[in-house]
Amino acid sequence: YEVIDVDPHFKRVVKYMRPTDYLAWAGLTAAAPAGLLLMEHIEPVFPSGQTRIVQMRPVLRASVVIGLVGGFLFAYTSSSQRFWGYSENATEVEKDRYEMKSKIAQGKPLYGETKLEPWLEQVAVRNSRFSQTLFTLFPWFNFANHKYHGIDIKKYFETRPGEESWGFNLPSYDE
């Protein structure tokens, strides 16, 4: 599949999440306390009765937080894989092309303004590129705007079938 960005910014990854990503996030959030309750039902740790749920409240809260974080990391990884072209991403490609062509037409920088020195941009890229592949060990997000995204921006100056209706007046790539 087409590569959109090898080091997408955190906001873009979250903005491009699909409803299925949110559904997976919600499912994993709910699965953690549900699994805990199932395990408690099969092999009780707390004494039976009304006090069982009262005693389990702190553990249930912790399991909701763990499920929420784990679900978010799963959804974030799924969205990142579409940016990298690891999975089907036709919707994201079209959305990305529209967003980037809009920025070019308005004269804005494609990947946002940065206040970092060039060498710090390169450090940020080396630290965050493909970092989502090891999210289970060390979650690391890209919060830095930079110009190193592993793609040729010339592709945004080409017009693909169906994009004529967008009506962007783009300058030539050489400008």
Side-chain angles (χ1 to χ4, degrees), residues 1-29 65-175:
Y1 301 102
E2 183 177 342
V3 176
I4 299 171
D5 193 340
V6 296
D7 191 22
H9 193 278
F10 177 84
K11 289 180 186 177
R12 285 189 80 201
V13 174
V14 172
K15 185 169 77 172
Y16 281 48
M17 281 186 186
R18 292 182 178 179
T20 54
D21 295 330
Y22 288 109
L23 187 63
W25 184 0
L28 288 170
T29 301
V65 170
I66 289 169
L68 186 70
V69 171
F72 172 74
L73 293 177
F74 180 81
Y76 191 91
T77 302
S78 297
S79 184
S80 296
Q81 288 175 348
R82 288 190 291 274
F83 273 94
W84 300 332
Y86 287 6
S87 58
E88 187 278 319
N89 62 358
T91 305
E92 288 78 11
V93 167
E94 183 176 348
K95 191 174 180 179
D96 172 67
R97 289 186 62 79
Y98 185 86
E99 179 183 351
M100 293 303 177
K101 284 180 175 252
S102 172
K103 287 182 178 182
I104 291 169
Q106 296 171 6
K108 293 181 179 178
L110 290 181
Y111 297 104
E113 295 286 337
T114 184
K115 296 178 183 173
L116 296 175
E117 297 292 327
W119 67 274
L120 276 177
E121 287 182 34
Q122 293 174 359
V123 169
V125 170
R126 286 192 300 269
N127 285 333
S128 64
R129 184 176 288 159
F130 295 112
S131 63
Q132 294 86 347
T133 55
L134 293 174
F135 253 15
T136 55
L137 297 176
F138 191 69
W140 191 276
F141 304 100
N142 175 22
F143 292 112
N145 290 326
H146 55 76
K147 58 186 174 213
Y148 307 103
H149 291 270
I151 56 147
D152 186 8
I153 63 169
K154 189 187 297 186
K155 72 178 186 177
Y156 297 120
F157 290 88
E158 300 166 354
T159 302
R160 294 183 181 173
E163 294 180 354
E164 303 87 10
S165 62
W166 293 349
F168 292 121
N169 294 324
L170 301 179
S172 69
Y173 176 69
D174 300 328
E175 292 177 17

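Source: prediction; values computed, not measured.
- Atom CG of residue L73 and atom CG of residue L68 lie 9.5 Å apart, to the nearest 0.5 angstrom.
- Tested against W25, the residues F74, Y76, F72 include a single ring-ring contact (aromatic ring centres under 6.0 Å, His included) partner, F72.
- The OG atom of S78 lies 12.5 Å from the CZ atom of F83; values are rounded to the nearest 0.5 Å.
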### Task
Could you check Y148 against E121 for side chain to side chain donor-acceptor pair (under 3.5 Å), going step by step and ending with a plain yes or no?
CA-CA 8 Å; Y148 307 103; E121 287 182 34; 4.8 Å; no
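- Nearest heavy-atom pair, D21 versus S79, reported as atom, atom and distance to 0.1 Å: OD2-CB, 4.0 Å.
- To the nearest 0.5 angstrom, L110 atom CG is 11.5 Å from N145 atom CG.
- When all heavy atoms are compared, the tightest approach of S131 to N127 is CB-O, 4.1 Å.
- Within 6.0 Å of CZ in F10 there are more than 12 heavy atoms belonging to other residues, nucleotides or ligands.
- Using a distance-only test at 3.5 Å, with no hydrogens or angles considered, a donor-acceptor pair links the side chain of R97 to the main chain of K155.
- Of all heavy-atom pairs between H146 and D7, the closest is NE2-OD2, 2.8 Å.
- Once rounded to the nearest 0.5 Å, the distance linking NZ of K154 with CZ of F157 reads 10.5 Å.
- When atom types are taken as modelled, the side chain of N89 and the backbone of E2 share a donor-acceptor pair closer than 3.5 angstrom.
- Salt-bridge formation is not detected for the pair K11/E99: no Lys NZ or Arg NE/NH1/NH2 atom is positioned less than 4.0 Å from an Asp or Glu carboxylate oxygen.
- Atom CD1 in I4 sits 7.5 Å away from atom CZ in R12 (nearest 0.5 Å).
- The neighbour count for E94 CD, taken as heavy atoms of other residues, nucleotides or ligands under 6.0 Å away, does not exceed 12.
- Partners of R129 according to the side chain to side chain donor-acceptor pair (under 3.5 Å) rule, which considers only residues two or more places apart in sequence or in another chain, do not exist here.
- Between E92 and Y1, the side chains place no donor N or O within less than 3.5 Å of an acceptor N or O (distance only, hydrogens not considered).
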Note to self: Set out, in order, the CA-CA distance, both residues' side-chain angles and the distance that settles side chain to side chain contact (heavy atoms under 4.5 Å, CB included) for K95 and Y16, then state yes or no.
What the structure shows: CA-CA 8 Å; K95 191 174 180 179; Y16 281 48; 4.0 Å; yes
Side chain to side chain contact (heavy atoms under 4.5 Å, CB included) evaluation trace for M100 with D5:
CA-CA 12 Å; M100 293 303 177; D5 193 340; 5.9 Å; no
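- Annotation: the span from I151 atom CD1 to Y156 atom OH amounts to 3.5 Å, rounded to 0.5 Å.
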request  = Evaluate the side chain to side chain contact (heavy atoms under 4.5 Å, CB included) criterion for residues H9 and Y111: first the C-alpha distance (whole Å), next the side-chain angles of each, then the deciding distance (0.1 Å), finally the verdict.
outcome  = CA-CA 8 Å; H9 193 278; Y111 297 104; over 6 Å; no
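- Of all non-hydrogen atoms in S80 and V13, the two that sit nearest each other are OG-CG1, 3.7 Å.
- Looking at every heavy atom in both residues, T91 comes nearest to E88 through N-OE2, 4.3 Å.
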